[in-house]
Colleague: 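What follows is a structure written as structure tokens; I'll ask about it next.
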Amino acid sequence: MVCGDIEWEPKLVALRRAMGLEPPSPPRAQPPGPLVPAAVKPNKLRVGEGGGSSSSSADGTRTNSSVDISSSVESKDHPQQVGCTKQGDDQKQKRGRAGKAKEISWLIYGQPSCMKNTWNIRKKIRQHGASAGRVDKYYESPDGCKFRSRKEVEVYLSKGKAKLEVDAITVWVWASLPDFPKTTLWSTFGHALERVLNGTSEEVKKIVSTLNQAEVPSEDVVEVVVSPPFVFLPLVKGVLRPDFHVAAQNCWVRKGGAFTGEVSAEMLVNLGIPWVILGHSERRALLNESNYFVGDKVAYALSQGLKVIACVGETLEQRESGSTVAVVAEQTKAIAEKISNWDNVVLAYEPVWAIGTGKVATPAQAQEVHAELRKWLKDNVNAEVAASTRIIYGGSVNGANCKELAAQPDVDGFLVGGASLKPEFIDIIKSATVKKN
Ligand SMILES: O=C(CO)COP(=O)(O)O
């Protein structure tokens, strides 16, 4: 189960290309057009330290902080694709790119996007000696143990030394202010709530019951959307208070058909699910969803009457190399090229380095990227869309940092994960009043 076909990434892309779901050749990093400053100040955008302790890291539920989405041989044509390596391996990777000790890593096939522990498969090409050119493959456990074969991994797992835990349930809630006059400053406000639990329906009911009892500002101040995994959608929809709404975390890119395991937009509509989250960084990274593919998904979901929360965001490596604005502009452009009506789109800026890490973007960092995104929309779509599109922030939002973030003029709401496990979630919802006031 753990170690399937590791060549899945290129195969997946080839398959999607054959189905017309990818452009004929992989998209190269394009200059993002006039929206992106020609030279992004490399040191200006830094990973924020602010925001207090992270609920998600305290819960130990997400480990993205230890994962660097860096380019690899497979990913260099796809800025969003991943080789999933630990940050400590950056140097090795860089040396690899310089050709000294080529090292490539893949995620293990079949690993769910929300898997708590990330295993790597590394391939090392011998550089010297009689066996130069030979490829050695290693399986690396989340705690750094290396294994030479699948057999060894299986033995290791069977002895219970490592547990591949799956974060079985992720629930987002976000909220916004839908009916407020649509201006940049006041139009919307949102929250997101994500929960990582063991995934039993009892637990889901408990979450919903907490939400149902919470005293939160009225719907004209805050719109709350809960996004459980597919299997819990009907349950949540059935018991959730009527002033909160439900979103799916993904849907298929086109009309439903023989795509076993996928859930189509049509099915969501049929279930009465109004919202869908698309392009989450975990799907982009772990499931190799390209900008192009996400753009297609957004367009198709909208065409079926769904409202879309479209996620964009840069990795730590991209931020540190000064390409944050270029990356989010490129992701937004891929969506803009496929749609003509932004009424039902919420843009979620989620810096990958901030998701589940406790490293929240500082209010200034969030505002800076949100303002750039709004400017991008103004320059490339139109001023009305720029003013009325909600741009919400996600990544280690908690009760301590939400008010200051909410006070930023271009932050229209939140996509919250770990903090939703705690009572502070209610405070996050309440911070919507910052906008109202
Ligand atoms: O992934 C997220 C929402 O999509 C954010 O998660 P955290 O709030 O735990 O960082």
Side-chain angles (χ1 to χ4, degrees), residues 1-19 21-23 26-27 62-64 67-85 104-121 164 166-170 172 194 196 227 229-231 247-254 256 259-265 268 276-298 300-301 308-315 327 330-331 334-335 348 350 352 355-356 394 415 417:
M1 177 199 94
V2 177
C3 312
D5 175 8
I6 61 166
E7 305 292 348
W8 73 287
E9 281 189 14
K11 280 181 183 165
L12 192 56
V13 173
L15 180 65
R16 284 209 301 253
R17 195 165 292 134
M19 293 167 73
L21 302 177
E22 289 287 341
R62 306 281 290 270
T63 54
N64 288 13
V67 172
D68 170 35
I69 297 173
S70 58
S71 59
S72 67
V73 169
E74 280 66 33
S75 68
K76 74 178 179 217
D77 289 334
H78 290 270
Q80 291 311 306
Q81 291 175 17
V82 205
C84 186
T85 61
I104 308 163
S105 66
W106 288 272
L107 284 178
I108 294 167
Y109 174 71
Q111 185 178 50
S113 63
C114 53
M115 180 165 271
K116 186 186 279 182
N117 297 327
T118 302
W119 281 68
N120 283 320
I121 295 180
L164 287 175
V166 175
D167 293 338
I169 170 172
T170 304
W172 279 281
E194 173 193 71
V196 184
S227 182
F230 288 127
V231 288
Q249 295 179 7
N250 180 41
C251 69
W252 178 236
V253 62
R254 296 262 170 88
F259 306 107
T260 304
E262 289 293 334
V263 172
S264 66
L268 296 177
V276 63
I277 297 171
L278 296 173
H280 191 279
S281 70
E282 288 153 8
R283 296 199 63 84
R284 289 177 184 267
L286 303 178
L287 294 168
N288 206 29
E289 293 195 353
S290 66
N291 293 349
Y292 185 93
F293 192 63
V294 172
D296 261 355
K297 279 188 167 193
V298 172
Y300 190 75
V308 172
I309 302 157
C311 303
V312 298
E314 83 288 1
T315 64
V327 168
E330 195 65 30
Q331 291 167 333
I335 296 166
E350 292 206 297
V352 178
I355 298 175
L415 194 55

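Only heavy atoms go into these numbers, but all of them, side chains included; no hydrogens, no water, no symmetry mates. All residue numbers refer to positions in the sequence shown, counting from 1.
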Colleague: Once side-chain contact (heavy atoms from CB on, under 4.5 Å) is applied, do any residues pair with V308, and if so which ones, sequence neighbours excluded?
Modeller: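 Only V276, L278, V298, A301, L302, A310 meet the side-chain contact (heavy atoms from CB on, under 4.5 Å) criterion with V308.
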
Colleague: Rounded at 0.5 Å granularity, tell me how far NE2 in H280 sits from CG in L286.
Modeller: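 H280 NE2 to L286 CG: 10.0 Å, rounded to 0.5 Å.
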
Colleague: Indicate yes or no for a side-chain donor-acceptor contact from E289 to the backbone of G279 under 3.5 Å, with no hydrogens or angles considered.
Modeller: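 Not confirmed, E289 side chain does not pair with G279 backbone.
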
Colleague: Once rounded to the nearest 0.5 Å, what's the spacing between atom CD of Q249 and atom CZ of R283?
Modeller: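 With rounding to 0.5 Å, CD (Q249) is 9.0 Å from CZ (R283).
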
Colleague: Who passes side-chain contact (heavy atoms from CB on, under 4.5 Å) against A265, sequence neighbours left out?
Modeller: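 Testing A265 for side-chain contact (heavy atoms from CB on, under 4.5 Å), a comparison that skips the adjacent residues, returns C251, Y300, Q304, L306.
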
Colleague: Measure the spacing between CD of E262 and CZ of R254 and express it to the nearest 0.5 Å.
Modeller: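 Rounded to the nearest 0.5 Å, the CD-CZ separation comes out at 13.0 Å.
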
Colleague: May I have the step-by-step check of side-chain contact (heavy atoms from CB on, under 4.5 Å) for R284 and N291, ending in yes or no?
Modeller: CA-CA 8 Å; R284 289 177 184 267; N291 293 349; 2.8 Å; yes

Colleague: Between F230 and N250, which heavy-atom pair has the shortest distance, and what is it?
Modeller: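 In terms of heavy atoms, the two residues are closest at CZ-O, 2.9 Å.
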
Colleague: List the residues meeting ring-ring contact (aromatic ring centres under 6.0 Å, His included) with F259, not counting sequence neighbours, and say none if there are none.
Modeller: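 Residues passing ring-ring contact (aromatic ring centres under 6.0 Å, His included) with F259: W252.
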
